[in-house]
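Some notes on the structure that comes next.
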Amino acid sequence: MPIIEIYASGQLIGHASLDGVDDGMGVAFGPFHPSARYAEIRPSVTAAAEARHQRKPAIKLDLEARTTTGEVISTGFVQIDDFADVDVDPEATVQFSDRDQWLRVSGAV
């Protein structure tokens, strides 16, 4: 279960424990644990999550996944599911685009 850090516009906003993996889809997911800076972008994150949930046009956020040592993870997307009016624990999903890097980062090799 890799721990990754999630950045928005170069600022650390939290980390995620990616304990779920769908190899066929090339995605990993797990609980998102926000840092203090997350509050600054949470309204944008919740708006994007609501748009996905309601199948409305996507709201693009500039999120980046890195290892705890600072290595940028090559991704198709990084998203956080967090909702303003529903009491749920936020979850992060990462689509990894470099399988070899993902296997190394996740400790699978």
Side-chain angles (χ1 to χ4, degrees):
M1 160 176 62
I3 306 266
I4 61 151
E5 295 176 338
I6 298 180
Y7 287 76
S9 302
Q11 299 293 317
L12 178 64
I13 60 165
H15 66 279
S17 305
L18 301 180
D19 51 9
V21 177
D22 183 330
D23 284 320
M25 296 296 291
V27 297
F29 51 90
F32 173 70
H33 307 282
S35 68
R37 287 205 166 242
Y38 178 65
E40 297 171 20
I41 69 151
R42 186 170 186 254
S44 298
V45 171
T46 58
E50 290 290 346
R52 283 191 305 276
H53 180 69
Q54 297 171 5
R55 293 181 168 52
K56 292 184 178 179
I59 296 173
K60 179 95 169 106
L61 298 176
D62 181 25
L63 301 179
E64 180 180 75
R66 299 182 192 178
T67 66
T68 56
T69 61
E71 178 182 353
V72 175
I73 299 171
S74 181
T75 62
F77 66 81
V78 177
Q79 69 186 36
I80 299 169
D81 287 319
D82 188 5
F83 299 91
D85 58 350
V86 179
D87 187 24
V88 296
D89 293 330
E91 183 172 274
T93 304
V94 176
Q95 180 187 48
F96 46 93
S97 56
D98 181 336
R99 183 168 174 75
D100 291 334
Q101 180 192 36
W102 175 253
L103 291 172
R104 180 179 48 76
V105 165
S106 67
V109 290

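Residue numbers count from 1 along this sequence.
- In this structure, Ile41 CD1 and Ile80 CD1 are separated by 5.5 Å, a value rounded to the nearest 0.5 Å.
- Applying the side chain to side chain donor-acceptor pair (under 3.5 Å) test to Gln101 and every residue at least two apart in sequence or in another chain returns Glu71.
- Applying the salt bridge (charged side-chain N to carboxylate O under 4.0 Å, His left out) definition to pairs two or more places apart or across chains, none involves residues 4-15.
- Annotation: ring pair (Phe, Tyr, Trp, His ring centres under 6.0 Å) contacts involving residues 36-57, sequence neighbours excluded, comprise Phe32-Tyr38, His53-Phe83.
- To the nearest 0.5 Å, the span separating NE2 on His33 from CD1 on Ile3 amounts to 6.5 Å.
- Partners of Ser74 according to the side chain to side chain donor-acceptor pair (under 3.5 Å) rule, which considers only residues two or more places apart in sequence or in another chain, are Ser97.
- In terms of hydrophobic clustering, with Ile, Leu, Val, Met, Phe, Trp and Tyr side chains grouped at heavy-atom distances under 4.5 Å, Trp102 and Val78 are assigned to a common cluster.
- Legend: salt bridge (charged side-chain N to carboxylate O under 4.0 Å, His left out) pairs involving residues 23-42, not counting sequence neighbours, sorted by first then second residue: Asp23-Arg99, Arg37-Glu40, Arg42-Asp82.
- Taken together through direct or relayed side-chain contacts under 4.5 Å among Ile, Leu, Val, Met, Phe, Trp and Tyr, Leu12 and Val94 form parts of separate hydrophobic clusters.
- Contacts of Arg66 classified as side-chain contact (heavy atoms from CB on, under 4.5 Å), with partners at least two apart in sequence or in another chain: Tyr7, Glu64, Val72.
- Annotation: side-chain contact (heavy atoms from CB on, under 4.5 Å) contacts of Ala47 (sequence neighbours excluded): Ile59.
- Here Glu50 pairs with nothing under the salt bridge (charged side-chain N to carboxylate O under 4.0 Å, His left out) rule; sequence neighbours left out.
- By the side chain to side chain donor-acceptor pair (under 3.5 Å) test, Thr67 is found to be paired with Thr69, residues two or more places apart in sequence or in another chain being considered.
- A distance of 9.5 Å separates CZ of Phe96 from CG of Leu18, quoted to the nearest 0.5 Å.
- In the hydrophobic clustering, Met25 connects to Val27, Phe77, either directly or through intervening members, whenever side-chain heavy atoms lie under 4.5 Å apart.
- Every residue was checked against the side chain to side chain donor-acceptor pair (under 3.5 Å) condition with Ser44, not counting sequence neighbours, and none meets it.
- No side-chain heavy atom of Pro2 sits less than 4.5 Å from a side-chain heavy atom of Thr68.
- At least one donor-acceptor pair under 3.5 Å links the side chain of Ser35 to the backbone N or O of Ile13.
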